[in-house]
Amino acid sequence: MKRVSLTQHLVEQQRHNNAITAELRLLIEVVARACKTISHSVGKGALGDILGSAETENIQGEVQKKLDVISNEILLEANEWGGHLAAMASEEMETIHPIPNRYPMGEYLLMFDPLDGSSNIDVNVSIGTIFSVLKAPEGMGAPNEQAFLQPGTQQVAAGYAVYGPQTMLVLTTGKGVNCFTLDREMGSWVLTQRDMRIPEDTKEFAINMSNKRHWHAPVQRYVDEMLAGKTGPREKDFNMRWIASMVADVHRILNRGGIFMYPADMRDPSSPGKLRLMYEANPMAMIVEQAGGAATDGNGRILEIVPHKLHQRVPVFLGSKNEVERVTAYHQA
Ligand SMILES: O=P(O)(O)OC[C@H]1O[C@](O)(COP(=O)(O)O)[C@@H](O)[C@@H]1O
Ligand SMILES: [Mg+2]
Ligand SMILES: [Mg+2]
C-alpha cells in the first residue's frame, strides 16, 4: 500500500478538490504537530511528571489535571507561532486568546478541548484532544468572543486525536472523514483509513448508566427498551460500552457503529448536559455527519444550534443514524 502522510493528503485535497486553502492546511498541520507533542507527554506518564491534579480549577469549576494544563499550553504555543489564526478558545480558559501582533490578521478561529477524558489520565485509559476551526467573520476588527458564536455548520474543519494503544488523528474538512496513525518511530502521521462510514444500524449503546434515576422520560424509555432485549419492543439484544472519554467512545462508533448519549437530566436545569457545544459536541457532530451518522441534542441537529456563549453545554445523541433518529423522535413524541 502506498504510504500517504498527512501533509501529502492535505496537499492533494488543496490541489485537486479545492476542499481547503493553503492557510487551512498549514493550520491543521500545526494542530497535528501539537497533538504529536501531547502524545509524547501522555506516553511518559509518571516518568514525565504529567499525572495527578494541577490543584487549579477551570472556568467550569472542574479541578484541572496537570495534563489538562500542559496540553492547553502546547496547543496555545504551537498555534501562536505557526497557524493562520486570529484567536483561539479552549475548554480550559475563561476567555478567548487573541493572537498577539499578528498582521495581517489571521483568518481562522480555533477551538479545542485540549485533553478529553481527564478522569482516565491517571489510570492509563485512552484520552484525546478535540478541535474545531471556524472562519473569522469578515471585518471582525479585534478578535472577540462574539466572533466564535457561529453554528457548527460553519466549521471548516474538525478533528480529534486519540491517545490509546495507537495514537490516531481523525479529520474532516467537509469532504468525508479520514484517519491517520502516528508512526512513532518516524514521527509522522500516516493515512490508514479513508472515508470512514458509520453503519446506520447498531446493537451497541454508550451512556453513563449511573445517572439513570436523573434522566428525563424519553431517554428512560429509549434505554429501557434496549435493555429489554429480544423479548422487549426492539426484539433484539443490545450491548453496552462506556469508556468515559468521548474521543474513545466516538472512535469506536466511527469504526463499528453505535450510539453515544450524554443527555440533559433533572439535576440542574441551568446546565443542559455535561458536554460543551464548541469544543466537544460541534466538532464530533461534524465528523459523525460526514461519516454518514447523525448528531442531535434531542430536538434537532447539533450543528444548527446558534451558540449564545462560549462555554455552553448541550445534550448529545450521536452515532448510527437510525438510532439517533429514534431517540430524537422519542423526545418529540
Ligand atoms: O464521568 P462521566 O460523567 O461518565 O463523563 C464522561 C464524559 O466526560 C468527559 O470526560 C468530558 O470531557 P473532559 O475530560 O474534557 O472534561 C467526556 O470525554 C466523557 O464522555
Ligand atoms: Mg472533553
Ligand atoms: Mg477536557
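As the structure is a prediction and not an experimental result, all values here were calculated from the model. All ligand and atom numbering here is 1-based and tracks the order in the structure. FYI, the numbering just counts along the sequence from 1.
For ligand 1, the atoms lying closer than 4.0 Å to a non-hydrogen atom of S245 are 18 (O). Listed by number with element, the atoms of ligand 1 under 4.0 angstrom from any heavy atom of D113 are 15 (O). Distances below 4.0 Å separate heavy atoms of L115 from the following atoms of ligand 1: 14 (O), 15 (O). Close contacts between ligand 1 and E91 involve ligand atoms 13 (P), 15 (O), 16 (O) [criterion: under 4.0 Å to a heavy atom]. Those atoms of ligand 1 that come under 4.0 Å of a heavy atom in K274, given as number and element, are 1 (O), 2 (P), 3 (O), 5 (O), 6 (C), 7 (C), 8 (O).
Under 4.0 angstrom from ligand 1, the non-hydrogen atoms of S118 come from both its backbone and its side chain. By the criterion of a heavy-atom distance under 4.0 Å, the side chain of R276, and not its backbone, is placed next to ligand 1. With a 4.0 Å cut-off on non-hydrogen atoms, Y279 does not touch ligand 1 at all. If you look at D116 next to ligand 1, the close heavy atoms, those under 4.0 Å, come from the backbone and the side chain alike.
Between the side chains of N211 and D265, no donor N or O sits under 3.5 Å from an acceptor N or O. No side-chain donor-acceptor contact under 3.5 Å links E145 and T95. Looking at S126 and S245, their side chains never bring a donor and an acceptor atom within 3.5 Å of each other. No side-chain donor-acceptor contact under 3.5 Å links E200 and S320.
For a threshold of 3.5 Å applied to N or O pairs, the pair formed by M246 and ligand 1 contains at least one separation below that value. For a threshold of 3.5 Å applied to N or O pairs, the pair formed by W242 and ligand 1 contains at least one separation below that value. At a 3.5 angstrom cut-off on N or O pairs, S119 does not count as close to ligand 1.
Atom NZ of K321 is surrounded by 12 or fewer heavy atoms from other residues, nucleotides or ligands within 6.0 Å.
Residue contacts with ligand 1 include G117, since one or more of its heavy atoms lies under 4.0 Å from the ligand.
Of all heavy-atom pairs spanning F238 and K236, the tightest one is CZ-CE, 3.4 Å.
Nearest protein neighbour of atom 3 (O) of ligand 1, counting heavy atoms only, is Y262 OH, 2.5 Å. Shortest contact from atom 4 (O) of ligand 1 to any protein heavy atom: N208 ND2, 2.8 Å.
Residue D113 approaches the Mg ion (ligand 3) most closely through its N/O/S atom OD1. Nearest to the Mg ion (ligand 3), among the N, O or S atoms that E91 has, is OE2.
The Mg ion (ligand 3) has an N, O or S atom of L115 closer than 2.8 Å.
Inter-residue side-chain proximity for E91 and H311 is flagged as unmet; no heavy-atom pair is nearer than 4.5 Å. A 4.5 Å side-chain heavy-atom check between M93 and H97 finds at least one atom pair inside the cut-off. With a 4.5 Å cut-off on side-chain heavy atoms, Q155 and N282 count as touching. Using a 4.5 Å cut-off on side-chain heavy atoms (C-beta onward), N79 and I99 make no contact.
Closest heavy-atom approach to atom 11 (C) of ligand 1 among the candidates M261, E280, Q64: E280.
Proximity of a side-chain donor or acceptor of D116 to a complementary backbone N or O of D113 within less than 3.5 Å is not detected.
Between W242 and F260, the ring-plane angle classifies as parallel under the 30° and 60° cut-offs.
Here E280 contributes OE2 and D116 contributes OD1, and at the Mg ion (ligand 2) these two atoms make an angle of 110°, given to 10°.
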